[in-house]
There are 4 protein chains.
Amino acid sequence: MPRLSTVGGTTSSTRRGRGTSRAASDAAVSERRAEILSVAADIFARKGYMNTTVREIADASGILAGSLYHHFDSKEAMVDEILSTFLASLVAQYDAVIAAADDPHTTLRNLVHTLFHGLSEHRAAITLTHNDSYYLEQIPRFAYLQDTKIQVEQLWVAELRRGMATGAFRADLDPALVWVFIKGAAWAAVQYVSDGGSESSDAIADTHLDVLLHGIRA
Amino acid sequence: MPRLSTVGGTTSSTRRGRGTSRAASDAAVSERRAEILSVAADIFARKGYMNTTVREIADASGILAGSLYHHFDSKEAMVDEILSTFLASLVAQYDAVIAAADDPHTTLRNLVHTLFHGLSEHRAAITLTHNDSYYLEQIPRFAYLQDTKIQVEQLWVAELRRGMATGAFRADLDPALVWVFIKGAAWAAVQYVSDGGSESSDAIADTHLDVLLHGIRA
Amino acid sequence: MPRLSTVGGTTSSTRRGRGTSRAASDAAVSERRAEILSVAADIFARKGYMNTTVREIADASGILAGSLYHHFDSKEAMVDEILSTFLASLVAQYDAVIAAADDPHTTLRNLVHTLFHGLSEHRAAITLTHNDSYYLEQIPRFAYLQDTKIQVEQLWVAELRRGMATGAFRADLDPALVWVFIKGAAWAAVQYVSDGGSESSDAIADTHLDVLLHGIRA
Amino acid sequence: MPRLSTVGGTTSSTRRGRGTSRAASDAAVSERRAEILSVAADIFARKGYMNTTVREIADASGILAGSLYHHFDSKEAMVDEILSTFLASLVAQYDAVIAAADDPHTTLRNLVHTLFHGLSEHRAAITLTHNDSYYLEQIPRFAYLQDTKIQVEQLWVAELRRGMATGAFRADLDPALVWVFIKGAAWAAVQYVSDGGSESSDAIADTHLDVLLHGIRA
DNA sequence: AATGAATGAGGCTTCATTCAT
DNA sequence: AATGAATGAAGCCTCATTCAT
């Protein structure tokens with residue numbers, strides 16, 4: 001039962017800040033940064049990292065391109081913060097599900113819900129990891145993307161294997177492949193939802209769980 | 001039973017065809033174009049359309065960037081040809097499967113195989129439609145991407161609905177959502193395979209069909 | 001016997017002096033300014049005027065870049081103050097040496113010592129006048145750099161000429177060229193010393209005087 | 001008697017060229033590059049590396065800034081080529097002088113002439129090494145600047161030491177310091193000449209040699 | 001069919017400076 | 001006296017594309 005370690009990314013703080021200290025001011029600082037970061041995440045998700053210009057982010061944030069650098073070291077630092085924040089959160093949620101040590105069916109259900117929930121809450125980050133991973137993974141700074149992907153895969157595979165061992169799931173399937181199917185379906189579903197599909201992420205997660213467990217045959 | 005119409009894209013021919021006419025030379029011309037196009041498709045798939053420079057394509061083709069313009073009007077024209085060729089072929093295959101008018105289970109099986117087969121044979125084109133569709137779809141020239149996507153979805157949904165009507169498949173599922181799951185899983189599986197997974201596209205298609213029909217519950 | 005006139009530069013005082021008047025606070029003000037100026041001089045000397053950012057100066061001074069503008073009108077104003085202060089002091093010392101009206105050998109000795117002493121005490125300012133003079137001299141504000149350079153040259157040439165006339169020095173040399181040699185050697189020696197050479201500026205000045213007067217031939 | 005090794009810098013060739021082969025075409029290529037490089041060297045020398053913009057170089061070369069990158073990889077690559085070419089040439093000349101193994105006085109004479117000649121022929125490169133060395137030496141690519149400086153110093157010191165041992169030169173002087181004086185004087189003299197001084201570099205070299213050997217005392 | 005030089009637009013980033021607080 | 005957010009100009013570099021040869 002793998003317990004996931006911390007996800008990378010640089011520590012977030014205002015650029016070159018030498019510790020202004022008060023919580024209140026930190027919050028204020030965070031607000032502006034968070035705003036910009038949220039705007040950036042949206043655009044990154046829609047257009048991809050490389051296809052997004054810092055000027056687009058700046059325009060959407062109501063400032064000039066150069067002013068972004070008051071808050072962030074670089075465009076790269078922005079994605080870094082977006083991705084590492086999301087992945088850390090996802091990993092923490094998975095950890096909690098695994099730590100609960102329920103029976104395989106319950107755990108699977110919780111994992112699927114975590115997956116769908118994470119996907120819809122952090123659509124931007126997820127889209128990024130899917131569409132730009134090839135580019136980003138080449139950059140040393142983003143090595144943690146690969147690492148986390150592997151950790152998550154191992155967690156799912158281990159859990160599926162446990163279900164097979166206890167007789168909860170069919171034992172004739174390659175758990176790695178099953179995880180691939182689940183992941184792919186979940187990802188497609190999120191795009192479907194955000195394109196105007198009507199159902200909530202929970203409802204879709206349940207439907208997916210249903211199909212996954214019982215199949216579509218009558 | 002929708003029959004798919006022709007897929008867009010510009011007619012392919014050497015750039016300034018001044019009526020050179022000879023079959024032998026045309027063949028030579030075509031070979032060079034096809035070579036370059038294949039190289040381009042690979043790079044586009046790996047790095048995305050926007051992140052691929054014409055110089056990368058030229059370098060990999062052994063010529064200078066400027067010389068590409070002897071064969072193609074623009075970078076856009078290259079993707080266009082890649083995508084329209086692939087989609088036309090995919091659509092034709094789907095058409096044939098539907099035209100056979102087999103029972104729902106057989107037709108589903110054939111559709112899934114067509115899907116997986118197409119994905120693995122045209123990984124480059126498929127990757128492009130997934131990763132760069134947002135950007136490309138904004139360009140009028142590529143309106144057919146959306147069109148084809150909708151046509152394919154309608155074809156799958158119609159077929160699933162037929163299976164539900166005939167009692168072959170469960171009637172309590174949203175066929176559009178099921179198609180989304182299938183599509184997503186297939187796409188993820190292709191990436192998995194190309195990352196070094198061992199099984200062939202047919203074997204994976206069968207596994208997917210199995211999971212799709214019967215679920216993973218023991 | 002030229003007597004040097006006052007060296008330029010803007011009058012130094014806190015930026016928007018609204019007539020605050022108190023001696024105690026003025027002293028405090030001066031201290032802070034002097035501190036910052038000293039820090040700035042060091043960095044300017046090390047990296048050159050253009051290559052030094054106001055943020056580097058601010059960082060090294062423990063404040064933010066914007067806060068520098070409470071003390072100085074501009075980056076230019078900082079160099080101006082550094083350079084004009086140094087040049088005024090150098091010129092005053094030279095004036096004193098000339099005014100003493102000793103015999104040529106003694107005067108030469110004193111000039112060389114003044115030169116070496118000034119160089120090592122004000123390494124920052126000197127480095128600036130050497131490395132960034134081209135850029136600075138184009139700015140009207142820094143016209144005094146040229147003026148002072150010419151004045152100093154004339155003072156040296158006049159003194160050398162006097163020594164030649166009185167028979168103290170060889171009469172077959174171009175005094176302007178001799179001054180160039182002296183200046184260049186002195187400047188190089190200062191860099192040598194600051195790079196870790198062991199001897200003091202006085203000792204080096206004496207060695208230089210020795211070589212200058214007697215040559216290196218056995 | 002140190003023999004100097006090759007000076008660094010990247011091999012020069014048109015950017016990303018895949019070997020066009022013919023000498024004639026190479027010469028043509030070299031012409032354009034050499035032209036631009038010469039223009040760049042002049043501006044670098046006048047304004048310093050950091051204070052020179054690529055647009056200034058481009059403007060002076062009659063092309064757009066971006067077009068420079070057809071010939072050179074970067075602004076850095078330009079200085080690199082300028083500096084390494086000059087230093088290689090200087091080092092080769094020094095080597096030849098040392099290899100001749102003449103008596104100390106003759107060798108000193110030849111070294112001084114080589115120094116002054118090099119300085120005036122390659123004023124641009126020399127100015128660069130003096131004014132921007134602090135900045136450039138921090139860049140790994142330019143580590144050879146330090147190396148060459150040390151090699152040259154060792155060569156001079158060794159030669160001076162030899163002259164002291166054989167009784168040609170005074171033995172009571174620090175040869176390293178003497179070299180510093182020579183270097184500084186030579187450098188200042190070159191600036192003096194290029195500022196409109198009338199004498200040729202050879203004449204100045206002779207004058208310097210005279211002063212260096214015999215001093216200025218009557 | 002290809003080269004090599006050039007264009008022009010645009011991308012990321014830096015930096016001196018301003019200003020409300 | 002200092003902060004922190006923002007400006008606007010400029011800097012280096014990339015890239016799709018054109019064109020004479």
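Bear in mind that the values here come from a model prediction, so they are computed numbers and not experimental data. Below, read A as the first sequence line, B as the second, and so on, with proteins coming before strands; counting in each chain starts at 1. All heavy atoms count here, side chains included; hydrogens, waters and symmetry mates do not.
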To the nearest Å, give me how far apart [atom1] ([X]) and [atom2] ([N]) are.
X	N	atom1	atom2	answer
A/Glu56	E/dG10	CD	C1'	12 Å
C/Ile57	E/dC15	CD1	P	12 Å
A/Arg55	F/dA6	CZ	P	18 Å
B/Asp59	E/dT3	CG	P	11 Å
B/Ile139	F/dA16	CD1	P	13 Å
A/Met78	E/dC12	CE	P	9 Å
A/Phe72	F/dA6	CZ	P	11 Å

List the residues meeting side-chain contact (heavy atoms from CB on, under 4.5 Å) with [X], not counting sequence neighbours, and say none if there are none.
X	answer
C/Ser67	C/Ile63, C/Leu64
D/Ala125	D/Ile82, D/Leu83, D/Phe86, D/His122
D/Asn131	C/Asn131, D/Thr127, D/Trp187
B/Ala60	B/Val39, B/Ile43

Which residues pass the salt bridge (charged side-chain N to carboxylate O under 4.0 Å, His left out) test with [X], not counting sequence neighbours?
X	result
B/Glu137	none
B/Lys47	B/Glu56
C/Glu76	C/Arg141

Can any side-chain N or O of A/Thr85 pair as donor or acceptor with the backbone N or O of A/Glu81 at less than 3.5 Å?
-> yes
For DNA chain F, determine which residues of residues 40-52 of chain A have any heavy atom closer than 4.0 angstrom to one of its atoms, and list them numerically.
-> none
Find the runs of at least 3 consecutive base pairs, i with j, i+1 with j-1 and so on, that include DNA chain F, using Watson-Crick or G-U wobble geometry with both distances under 3.5 Å.
-> E:2-21 with F:2-21
Side-chain N,O ([X]) to OP1/OP2 ([N]) below 4.0 Å:
X	N	value
B/Tyr69	F/dT18	no
D/His71	E/dG4	no
A/Arg32	F/dG4	no

Verify the distance criterion only: is there a donor paired with an acceptor across the side chains of D/Tyr144 and D/Asp80 at less than 3.5 Å?
-> yes
Dump the pairs, protein N or O against N or O of nucleotides 7-9 of chain E, anything under 3.5 Å, distances to one decimal.
| unit_1 | atom_1 | unit_2 | atom_2 | d |
| --- | --- | --- | --- | --- |
| E/dT7 | OP2 | D/Leu64 | N | 2.8 |
| E/dT7 | OP2 | D/Ser67 | OG | 3.2 |

5'-most contact on DNA chain E: D/Ile36 or C/Glu76, nearest heavy atom basis?
-> D/Ile36
